[in-house]
Amino acid sequence: MRTIDDLDVSGKRVFVRADLNVPLDGDRITDDGRIRAALPTIEALRGRGARVIVAAHLGRPKGAPDPRYSLRPVAARLGELLGTEVTFAADTAGESARAVSAGLADGAVALLENVRFEPGETSKDDAERGELADRFAQLADLYVGDAFGAVHRRHASVYDLPGRLPHAVGGLVLTEVEVLKKLTTDPQRPYAVVLGGSKVSDKLGVIDNLLGTADRILIGGGMVFTFLKAQGHEVGTSLLETDQLDTVRGYLERAEREGVEIVLPVDVVAAEKFAADAAHADVGVDAIPADRMGLDIGPRSRALFAEKLADARTVFWNGPMGVFEMEPYAGGTRALAAALIDSDAFTVVGGGDSAAAVRALGFDEAAFGHISTGGGASLEYLEGKDLPGIDALR
């Protein structure tokens, strides 16, 4: 893949597909990690005299403008971090975008409105996506793909547009791929994987693939209750995917056959309801009350997980251990992050909620080997799937 160093960008309009899908509370950005991650590529292009046109998505609008998902607050924050004004186009690939593109000076930066305001962005129809990609191509001379969080999507600005312009891979995507190769090509062992989050079904493919590469898999979060139920435990009102019980039993049997250690919690924090002020207590996994739900791994499990990570040389973590946004149920995720920092392993935090938790709980990002910007993309890479946005840049 060509990098931005291989492009002559001086005086050229460069369309940069970035991942600026940040969480918002109204128009207030609550975590600007993805904006910060996009800065090096944008700054490198500016420094070489490019006219930078940034495109990104935010949330899941239904192919039409929706003020709740406007990138206007992101433009303001991007300008603050760059130390320069970022011109905001009021549409994605229409009259405003064309005017903004035409008016850019060397070294200037503009941000287009949410690409998902256009139905063609996410369309499954090749012609509809292609029509939007044609309009994007009119805005620029060159294309740089730097939205790792979207490379697993066959979307117009990610997959179709690179075929219409001279293109290169951005620094963020290049780094992400290099890091993930370390997890899939002869990782240093023991290789431990920590999976959390709410649903087993979100991680079926990656569990299946990791059973052939990891030495041990630690499981927490809401998804663990399907594993516990598959072992015969009662889980009260905890999150449970009954349609995945047979699949999980199969994974447990296969792990035993192949010598992969599956580590499950031995205790959980069980609450009367899904609320920070709910009555809650630590209980063993064999004693979860029928009227309570597990919302975090318990203290003994935190110690167990730390022990299982202590000798690891490579660790991949995707998904929180509990409802970390509520302080009573943040202890498991906090303890896990601390255990990763204390280990001597090369640690990869697999984007999404895990990366958000690291920042929300006050950890130094530099203490981890790598914090990914793309949870879904990371998982699909580890599943061994082709990533359309990467294929388009080759």
Side-chain angles (χ1 to χ4, degrees), residues 1-20 32 34-57 71-72 74-115 132-151 155-178 373 389-394:
M1 288 187 289
R2 284 179 299 183
T3 71
I4 59 174
D5 292 336
D6 299 318
L7 297 178
D8 176 11
V9 302
S10 179
K12 303 286 182 60
R13 299 170 302 161
V14 183
F15 189 109
V16 178
R17 179 53 163 98
D19 179 10
L20 306 179
D32 66 0
R34 281 179 169 156
I35 303 176
R36 292 179 180 276
L39 295 178
T41 293
I42 295 172
E43 289 177 326
L45 291 168
R46 285 187 67 217
R48 291 168 54 198
R51 305 174 182 188
V52 183
I53 302 163
V54 183
H57 71 278
L71 283 170
R72 192 176 292 276
V74 175
R77 182 58 179 152
L78 179 60
E80 290 174 0
L81 293 171
L82 288 172
T84 188
E85 180 183 0
V86 171
T87 305
F88 183 66
D91 58 29
T92 302
E95 183 178 343
S96 177
R98 289 190 294 271
V100 166
S101 171
L104 278 180
D106 294 357
V109 181
L111 176 64
L112 305 178
E113 184 55 283
N114 193 336
V115 294
L132 177 57
D134 288 340
R135 285 192 281 136
F136 281 143
Q138 294 170 11
L139 303 176
D141 306 301
L142 304 168
Y143 176 91
V144 171
D146 210 31
F148 182 73
V151 293
H155 290 173
S157 65
V158 175
Y159 176 75
D160 299 271
L161 181 55
R164 288 160 165 80
L165 293 172
H167 55 267
V169 62
L172 185 150
V173 168
L174 197 62
T175 298
E176 295 272 14
V177 172
E178 289 174 349
T373 57
I390 299 295
D391 292 341
L393 296 171
R394 294 194 192 282

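One is the number of the first residue; the rest follow in order along the sequence.
No side-chain heavy atom of V54 sits less than 4.5 Å from a side-chain heavy atom of L112. Residues D141 and V9 fail the side-chain proximity criterion, which asks for heavy atoms closer than 4.5 Å. Using a 4.5 Å heavy-atom threshold, the side chains of L39 and L82 count as touching. Looking only at side-chain heavy atoms (C-beta outward), L393 and M1 come within less than 4.5 Å of each other. I53 has its side chain out of reach of V16: every pair of non-hydrogen atoms, C-beta onward, lies at least 4.5 Å apart. A heavy-atom distance below 4.5 Å is found between the side chains of L78 and I42.
Nearest heavy atoms, A110 versus V100: CB-CG1, 3.4 Å. Of all heavy-atom pairs spanning A56 and A18, the tightest one is CB-O, 3.5 Å. Nearest approach of A137 to L161, heavy atoms of both residues: N-CD1, 3.7 Å. For the residue pair A133 and A156, the shortest heavy atom distance occurs at CB-O, 4.3 Å. Heavy-atom minimum distance, A392 versus P162: O-CB, 3.7 Å.
Atom CZ of R394 sits about 11.0 Å away from atom NE2 of H167, to the nearest 0.5 Å. E95 contributes atom CD, which lies 6.5 Å from atom CZ of R98 (distance to the nearest 0.5 angstrom). Residue L20 holds its CG atom at 6.5 Å from CG of L111, rounded to the nearest 0.5 Å.
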Practice task
Step by step, work out the side-chain contact (heavy atoms from CB on, under 4.5 Å) result for T373 and R36.
Solution key: CA-CA 10 Å; T373 57; R36 292 179 180 276; over 6 Å; no
Handout entry: side chain to side chain donor-acceptor pair (under 3.5 Å) assessment of R17 paired with H57
Key = CA-CA 9 Å; R17 179 53 163 98; H57 71 278; 3.2 Å; yes
Handout entry: D32/V74 under side-chain contact (heavy atoms from CB on, under 4.5 Å): CA gap, chis, key distance, verdict
Key = CA-CA 9 Å; D32 66 0; V74 175; over 6 Å; no
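Listed by chain and residue number, F15 satisfy the ring-ring contact (aromatic ring centres under 6.0 Å, His included) test with F136 (two or more places apart in sequence, or in another chain). Taking D106 as the reference, R51 meet the side-chain contact (heavy atoms from CB on, under 4.5 Å) condition, with sequence neighbours excluded. Applying the side-chain contact (heavy atoms from CB on, under 4.5 Å) rule to A168 yields the partners R2, L7; only residues at least two apart in sequence or on another chain are considered.
Annotation: side chain to side chain donor-acceptor pair (under 3.5 Å) contacts involving residues 79-92, sequence neighbours excluded, comprise R77-E80. Screening residues 157-176 for salt bridge (charged side-chain N to carboxylate O under 4.0 Å, His left out) gives R129-D160, D134-R164 as the qualifying pairs, with residues at least two apart or on separate chains.
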Side-chain atoms of residues 142-149: list all donor-acceptor pairs with protein atoms under 3.5 Å, sequence neighbours left out, distances to 0.1 Å.
| unit_1 | atom_1 | unit_2 | atom_2 | d |
| --- | --- | --- | --- | --- |
| Y143 | OH | S157 | O | 2.6 |
| D146 | OD1 | G171 | N | 3.4 |
| D146 | OD1 | L172 | N | 2.9 |
| D146 | OD1 | V173 | N | 3.1 |
| D146 | OD2 | T41 | OG1 | 2.8 |

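Side-chain atoms of R13 and S101 form a donor-acceptor pair, as typed in the model, at a separation below 3.5 Å.
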